[in-house]
Amino acid sequence: MSHKNKHKYYGNNKMNQNNPNSKETEAAQQEAPVEEVTPEEVVPEEVSPEEEKVEEEVKDGCTDAEKKIEDLQQQLDKEKKEYLFLMAEFDNFRKRTLKEKSEIIKNAGENVLKGLLPIMDDFERGLKAAENSPEADSVKEGLKLIYNKLQKYLNQNGVKEMDPNDDTFDTEKHEAISVVPVPDEDKKGKILDTVEKGYTINDKVLRHAKVVVGQ
């Protein structure tokens, strides 16, 4: 920079510093509002074919991913339903098997207990016959002892004798082996004699009582 220009620069700078209007101008320039650009004035950038291809591939990829997620969700719902159905079937099978097993055991036990009833009948006949023979007191005591033990065993397993005082004929509990005409109207349809006792097991008929009914 020449001596003259240097002098001119410093002179102008000094004048600007001493000039109050220069500060106001500078402040006004700083406070001047910035012009806003409306969306209509924005010129869209040109997209190259390669960029358009990439965008299409991204969109296609998103669509394929959504479709795969939807297919997987449908498959999951289907397998969940099949699983719940199989669980219900297995639970029903388990309950049915336990019930059948219980029925088999119960029926087997009932058959065994039912097979003991004729022995009870024989004991009762033996005790009845021994009552008329005073010489058979020792035999009678032995029979009575065995009979009481057998009766106790049956009672412990739910086997009970039907009420012998019930004289009302009931086809659910009684089996009429004979019908006898009776003159008394009150005796008609009533049990006149019990030929063979009836027994129940857990309130279920184990053996029907064989009876004679008035007609």
Side-chain angles (χ1 to χ4, degrees), residues 76-215:
L76 179 62
D77 294 340
K78 180 181 177 182
E79 292 181 354
K80 184 179 180 180
K81 290 180 180 178
E82 292 178 353
Y83 171 75
L84 293 175
F85 177 77
L86 290 174
M87 285 295 294
E89 282 292 317
F90 176 75
D91 189 54
N92 292 333
F93 169 76
R94 181 180 62 82
K95 291 179 180 178
R96 187 167 57 251
T97 302
L98 290 175
K99 184 178 179 181
E100 291 175 354
K101 185 178 179 180
S102 177
E103 288 292 331
I104 291 173
I105 296 173
K106 184 178 179 180
N107 291 334
E110 286 183 4
N111 291 332
V112 171
L113 295 173
K114 189 175 181 179
L116 295 175
L117 298 181
I119 302 175
M120 290 286 292
D121 298 335
D122 293 338
F123 271 108
E124 289 175 356
R125 294 188 189 100
L127 288 172
K128 193 172 183 179
E131 288 178 357
N132 300 324
S133 177
E135 299 177 357
D137 290 340
S138 59
V139 176
K140 184 171 63 176
E141 291 297 325
L143 289 175
K144 194 172 182 179
L145 179 63
I146 299 172
Y147 173 80
N148 290 336
K149 286 184 177 180
L150 184 57
Q151 189 178 44
K152 184 179 179 181
Y153 172 78
L154 293 174
N155 290 336
Q156 288 175 348
N157 286 274
V159 179
K160 294 181 180 180
E161 180 183 333
M162 289 184 184
D163 186 6
N165 297 321
D166 184 12
D167 62 349
T168 304
F169 179 74
D170 186 356
T171 55
E172 295 293 329
K173 299 186 294 183
H174 307 116
E175 180 184 350
I177 60 173
S178 178
V179 178
V180 178
V182 291
D184 191 354
E185 291 293 330
D186 294 337
K187 294 293 184 179
K188 290 184 178 181
K190 299 293 184 177
I191 298 174
L192 303 179
D193 187 22
T194 301
V195 179
E196 187 176 79
K197 289 181 180 180
Y199 288 87
T200 60
I201 178 170
N202 299 322
D203 298 328
K204 174 185 173 183
V205 176
L206 182 63
R207 187 179 76 175
H208 290 80
K210 294 180 181 181
V211 297
V212 178
V213 183
Q215 185 180 17

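Everything numeric in this text was worked out from a predicted model, so none of it was measured. Residue numbers run from 1 in the order of the sequence given.
Salt bridge D77/K81: absent, no basic N to carboxylate O contact under 4.0 Å.
With contacts defined as side-chain heavy-atom distances shorter than 4.5 Å, the pair K114/I201 does not qualify.
Taking OG1 from T168 and NZ from K173, the interatomic distance works out to 8.0 Å, rounded to the nearest 0.5 Å. Of the inter-residue distances, the one linking L145 atom CG with L150 atom CG reads 11.5 Å to the nearest 0.5 angstrom. Distance check: L192 CG to F169 CZ gives 11.5 Å after rounding to the nearest 0.5 Å. To the nearest 0.5 Å, atom CG of residue L86 and atom CD of residue E79 are 11.5 Å apart. Interatomic distance, I191 CD1 to H174 NE2, rounded to the nearest 0.5 Å: 3.5 Å. If you take CZ on R207 and CD on E175, they are separated by 10.5 Å, rounding to the nearest 0.5 Å.
Scored by the salt bridge (Lys or Arg N to Asp or Glu O under 4.0 Å) test, D186 finds no partners at all (sequence neighbours excluded).
N155 places a side-chain N or O within donor-acceptor distance of the main-chain N or O of Q151, the cut-off being under 3.5 Å. Formation of a donor-acceptor pair under 3.5 Å by the N157 side chain with backbone atoms of V159 is not found in this model.
The two residues Y147 and M120 make their nearest non-hydrogen contact at CE1-CE, 3.5 Å. Between V213 and A176, the closest heavy-atom pair is CG2-CB, 3.8 Å. Residues A209 and G198 share a closest heavy-atom pair of CB-N, 3.5 Å.
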- Task: May I have the step-by-step check of side-chain contact (heavy atoms from CB on, under 4.5 Å) for L76 and K80, ending in yes or no?
- Result: CA-CA 6 Å; L76 179 62; K80 184 179 180 180; 5.5 Å; no

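Applying the side-chain hydrogen bond (donor to acceptor under 3.5 Å, both in side chains) test to pairs two or more places apart or on separate chains, those with a residue in residues 187-203 are E124-K197, E161-K197, E185-K188.
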